[in-house]
Amino acid sequence: MKFSKRLDRIPPYLFASLDEKIEKRLAAGADVISFAVGDPDIPPPEHVTRALVQALDDPSVHRYPSYKGSLAFREAVARYYDRRFGVSLDPAEEVLALIGSKEGIAHLALAVCSEGDVVLVPDPAYPVYQMSCLIAGAEPYAIPLKKELGFLPDLDAIPAEIAERARLLWLNYPNNPTAAVASRDFFEQAVGYAKKHDLLVAHDNAYSEITFDGYTAPSLLQVDGALEVAIEFQSLSKTFSMAGWRVGMAAGNKDAIKALGQIKTNIDSGIFGAIEKAAIAALDGPWDFVEAARETYGRRRKLIVDGLRAMGWDWVDYPRGTLYVWAELPAGLQSGDFADRLLEKADVVVVPGAGYGPSGEGFVRLSVTLDDFRIEEGIERIAKAVNSEF
Ligand SMILES: *Cc1c(COP(=O)(O)O)cnc(C)c1O
């Protein structure tokens, strides 16, 4: 049997060997502590799970859902944007329901790019931006995110001939994996860049509500004129611990929303209506759950960073957002090697930064989605291994 050439464009999975080693340790009965998992371990709010159960009694939810999401859902998204960001959206044309934001992110390249077009993809980054571009037959151009620049892309450094061919620019702040945040100023620059080069700027705002120390993350759509050139992806996965439910949304430029919707109507059939109703309950609030989750994640993040600093890695910063700590390794250590040896010596899993792109080399990502005891024990084991091995 022969398969699509499209699949040949997808690079081999870098950490297959690490995964195999983890499997082996688990099979041997080892007590493996994983800082690799990126999804919330706190259960979703009770009023939301109750709304889901109640919705099952409504006969209409068992029929095919609306492709774009029900108007009620899109109106709840518009209310959220208005309340949270002061952004006014037309729920009829500027909002689209997604079966989790990953689905929309991945389909965007198919809606925007023709073969040979360029997609500007940050490096390191959530892998879907690059993979969806390759699947669409477009050409990714990696923009390095450097520590010296606060892990923001230097848009002026993109060569003119690349900018000319680019159709899409990806941004993601608060950022996975670097945990960096972006200011309104930077978003203004990005919108200006998109206008100048006639491209769509897509912002993945999955972590807008997972922030610490009083920091509030902006929306790209807050920038004047953003609705002319921008689309933003949002998700209930991280905010409300609903990763398994598969519900998210896109908001922004109506032509981009329409184009994405056109791809989707030919591939999927919308979100389950009962999940949509529960998502409305989540977005409309109360939001005390989100506040409590921020406190929990913030405390765990402090445990991790304090622990790393105490073992001598005093350069590691306290992130202001996301579920991750992005820790630079001491000079000379390679991230894949470090992760391999840490697993061997300490039964602890961290994600090698190089897995998110070549510029992620020299860093590892630790997630805050495990409880305080496991974090403390994990950090203790890391410190022991680092002191004796590295
Ligand atoms: C978790 C994550 C998502 C995907 O969220 P879903 O809505 O569950 O598909 C998108 N972008 C980034 C950067 C993420 O880390």
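Quantities reported herein were computed from a predicted structural model and do not represent experimental measurements. All values below were derived from every heavy atom in this structure, side-chain atoms included, with hydrogens, water molecules and symmetry-related copies excluded. Whatever order the structure lists them in is the order used to number ligands and atoms, beginning at 1.
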Could you list which atoms of ligand 1 come closer than 4.0 Å to a heavy atom of Lys102? 6 (P), 9 (O)

Kindly determine whether Tyr356 and Phe363 satisfy ring-ring contact (aromatic ring centres under 6.0 Å, His included), including the steps that lead there. CA-CA 10 Å; Tyr356 301 97; Phe363 292 83; over 10 Å; no

In the protein, which heavy atom is nearest to atom 10 (C) of ligand 1, and how far is it? Asp204 OD2, 3.4 Å

Is there side-chain contact between Val37 and Leu370, with at least one heavy-atom pair below 4.5 Å? no

With sequence neighbours excluded, tell me which residues meet side-chain contact (heavy atoms from CB on, under 4.5 Å) with Ala106. Val128, Ser132

Contacting atoms of ligand 1, where contact means under 4.0 angstrom from a heavy atom of Lys238: 1 (C), 2 (C), 3 (C), 14 (C), 15 (O)

Show me which atoms of ligand 1 lie under 4.0 Å from any heavy atom of Arg246. 6 (P), 8 (O), 9 (O)

With heavy-atom distances below 4.0 Å as the criterion, list the atoms of ligand 1 near Tyr207. 1 (C), 13 (C), 14 (C), 15 (O)

Is there a chain of hydrophobic side chains (I, L, V, M, F, W, Y, each step under 4.5 Å between heavy atoms) that links Ile33 to Val368? yes

Using a 4.0 Å heavy-atom cut-off, say whether Glu103 meets ligand 1 through its side chain, its backbone, both or neither. neither

How would you list, by chain and number, every residue that makes a ring pair (Phe, Tyr, Trp, His ring centres under 6.0 Å) with Phe240, sequence neighbours excluded? Trp287

When rounded to the nearest 0.5 Å, the distance separating CZ of Phe85 from CG of Leu221 is 8.5 Å

Report yes if some heavy atom in the side chain of Ser335 is under 4.5 Å from a heavy atom in the side chain of Leu329; otherwise report no. yes

Identity and distance of the protein heavy atom lying nearest atom 5 (O) of ligand 1: Ser101 OG, 3.3 Å

If you scan protein heavy atoms around atom 8 (O) of ligand 1, the nearest is Ser237 OG, 2.5 Å

Logged contact type for Leu98 with ligand 1, heavy-atom cut-off 4.0 Å, is neither

